[in-house]
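A quick write-up on the structure given underneath.
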Number of protein chains: 2
Amino acid sequence: MSNAEMQNADIPNAAPTIIDTGPAPIFAALGDRTRLSLLTKLGDGRPRSIADLSLDAEITRQAVTKHLQVLEQAGLVTSARVGRESQFTFRRESLDSLMDYLDRVSRQWDDALERLRAFVEK
Amino acid sequence: MSNAEMQNADIPNAAPTIIDTGPAPIFAALGDRTRLSLLTKLGDGRPRSIADLSLDAEITRQAVTKHLQVLEQAGLVTSARVGRESQFTFRRESLDSLMDYLDRVSRQWDDALERLRAFVEK
DNA sequence: CATATCGGCAACCTACTGGTTGCCGATTAA
DNA sequence: TTAATCGGCAACCAGTAGGTTGCCGATATG
């Protein structure tokens with residue numbers, strides 16, 4: 001018998017590990033140092049223009065713009081045009097849903113391990 | 001006076017928004033549906049071989065291997081060679097550090113908003 | 001032993017990402 | 001009105017990411 005078959009023994013799997021892959025884009029948006037650092041600058045809650053955010057960014061304004069678009073599409077920031085500038089604001093709620101997700105995942109993992117333990121001790 | 005200058009008024013900024021950009025690679029590793037779904041399969045806590053994980057994966061075993069390497073490098077899974085197969089296991093602790101990070105960020109945001117509010121009411 | 005399975009290695013392809021430069025219309029400041 | 005600033009649009013480029021195929025050594029199975 002192979003190792004794999006041995007592991008597929010009759011361990012109960014009540015709640016069958018359904019984790020939504022939906023949040024991938026949000027994780028992807030956070031998976032870039034430049035974007036994380038942009039979020040950092042927005043972390044004080046005040047809206048910032050693109051030019052402002054580009055000031056000490058060592059990359060071009062256009063690059064910053066692209067990153068902001070990614071962040072906005074992922075729902076991590078919002079933008080509003082005010083006069084000739086576009087002001088970006090951090091969306092706090094987006095983090096909440098992300099934390100919910102991680103909570104769900106780790107809770108599910110705990111449950112699975114608990115079931116596994118119960119099975120072994122039976 | 002420009003909008004930007006107007007916003008840069010004397011709002012206190014005590015803890016100056018230092019968010020580490022270090023976790024970017026972990027977010028990046030999570031920022032892919034295929035990898036999230038691999039993690040899902042590992043979510044029951046049992047080690048799985050590459051072949052096993054490739055079974056209903058609709059992509060090649062080699063592709064799965066690459067994804068697993070990404071996940072391992074990000075610290076989300078560990079691997080151990082057992083006989084002729086490589087067994088991968090979900091690392092639960094990695095989620096904890098990620099949740100810590102998100103907690104820090106959102107707490108920092110709350111603090112900043114609190115400071116802002118106090119300033120306005122003064 | 002012969003055969004099948006597991007998985008590492010390498011080459012290759014395509015598409016996307018992060019970044020650049022150049023231009024130009026709109027808004028604001030002098 | 002003239003000049004400066006803000007930022008959108010487009011083209012372009014190099015590098016990486018996701019995926020494939022082919023091969024081959026190592027380990028199990030019969």
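Chain naming here is simple, since letters A, B, ... match the order of the sequence lines and numbering starts at 1 in each.
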Checklist line | Phosphate OP1/OP2 of C/dG19 contacted by A/His67 side-chain N/O (<4.0 Å) | finding: yes
Next item on the list: Take the protein atom NZ of A/Lys66 and the nucleotide atom P of C/dG19, then report the distance between them rounded to whole Å.
Entry: 9 Å
Next item on the list: Could you tell me the separation between the CG atom of A/Leu68 and the P atom of D/dG8, rounded to a whole number of Å?
Entry: 9 Å
Next item on the list: Starting from P on C/dT17, measure out to CG on A/Leu71 and report it in whole angstrom.
Entry: 13 Å
Next item on the list: Could you tell me whether B/Arg35 contacts a base, only the sugar-phosphate backbone, or nothing, with contacts defined as non-hydrogen atoms closer than 4.0 Å?
Entry: sugar-phosphate
Checklist line | Rounded distance in Å - CG (A/Leu30) to P (C/dG18) | finding: 13 Å
Next item on the list: Would you please test A/Leu30 and B/Leu30 for side-chain contact (heavy atoms from CB on, under 4.5 Å) and show each step?
Entry: CA-CA 10 Å; A/Leu30 293 172; B/Leu30 293 172; over 6 Å; no
Item checked: Rounded distance in Å - CZ (B/Phe88) to C1' (C/dG7) -> 10 Å
Checklist line | No-H, no-angle donor-acceptor pair, A/Gln62 side chain to C/dG22 base, under 3.5 Å | finding: yes
Check: Cut-off 3.5 Å, side chains only: do B/Gln87 and B/Ser49 have a donor facing an acceptor?
Finding: no
Next item on the list: Round to a whole Å and report the spacing from CG of A/Leu55 to P of D/dG7.
Entry: 11 Å
Check: Within this structure, what is the CG-to-P distance between B/Asp32 and C/dC16, rounded to whole angstrom?
Finding: 14 Å
Margin query: Classify A/Ala51 by what it touches in the nucleic acid, base, sugar-phosphate, or nothing, heavy-atom distance under 4.0 Å.
Written below: sugar-phosphate
Margin query: If you assign each of A/Arg61 and A/Gly31 to its closest nucleotide in DNA chain C, which residue comes earlier from the 5' end?
Written below: A/Gly31
Check: Any side-chain N or O of B/Thr65 under 4.0 Å from OP1/OP2 of D/dG19?
Finding: no
Margin query: So if I take every side-chain heavy atom of B/Thr60 and compare against C/dG7, D/dG7, D/dG19, which nucleotide ends up nearest?
Written below: D/dG19
Checklist line | Residue pair B/Asp52 / B/Lys41, side-chain heavy-atom distance below 4.5 Å | finding: no
Item checked: Exceeds 12 heavy-atom contacts within 6.0 angstrom, atom CD of A/Glu93 -> yes
Notebook entry, point to check: Where the side chain of B/Glu85 is defined as all heavy atoms beyond and including C-beta, which of C/dC6, D/dT20, C/dG18 is the nearest nucleotide?
Noted result: C/dC6
Next item on the list: Could you tell me the separation between the CD atom of B/Gln73 and the P atom of D/dG18, rounded to a whole number of Å?
Entry: 13 Å
Next item on the list: For A/Arg81, answer base if it contacts any base atom (sugar-phosphate contacts may also be present), sugar-phosphate if it contacts only those atoms, and nothing otherwise; contact means non-hydrogen atoms under 4.0 Å.
Entry: sugar-phosphate
Note to self: Apply side-chain contact (heavy atoms from CB on, under 4.5 Å) to residues A/Glu85 and A/Ile50 and explain how you reach the verdict.
What the structure shows: CA-CA 7 Å; A/Glu85 40 186 40; A/Ile50 297 180; over 6 Å; no
Next item on the list: Determine the contact category for B/Ser86: base if any of its heavy atoms lies under 4.0 Å from a base atom, sugar-phosphate if only primed atoms, P, OP1 or OP2 are that close, otherwise nothing.
Entry: sugar-phosphate
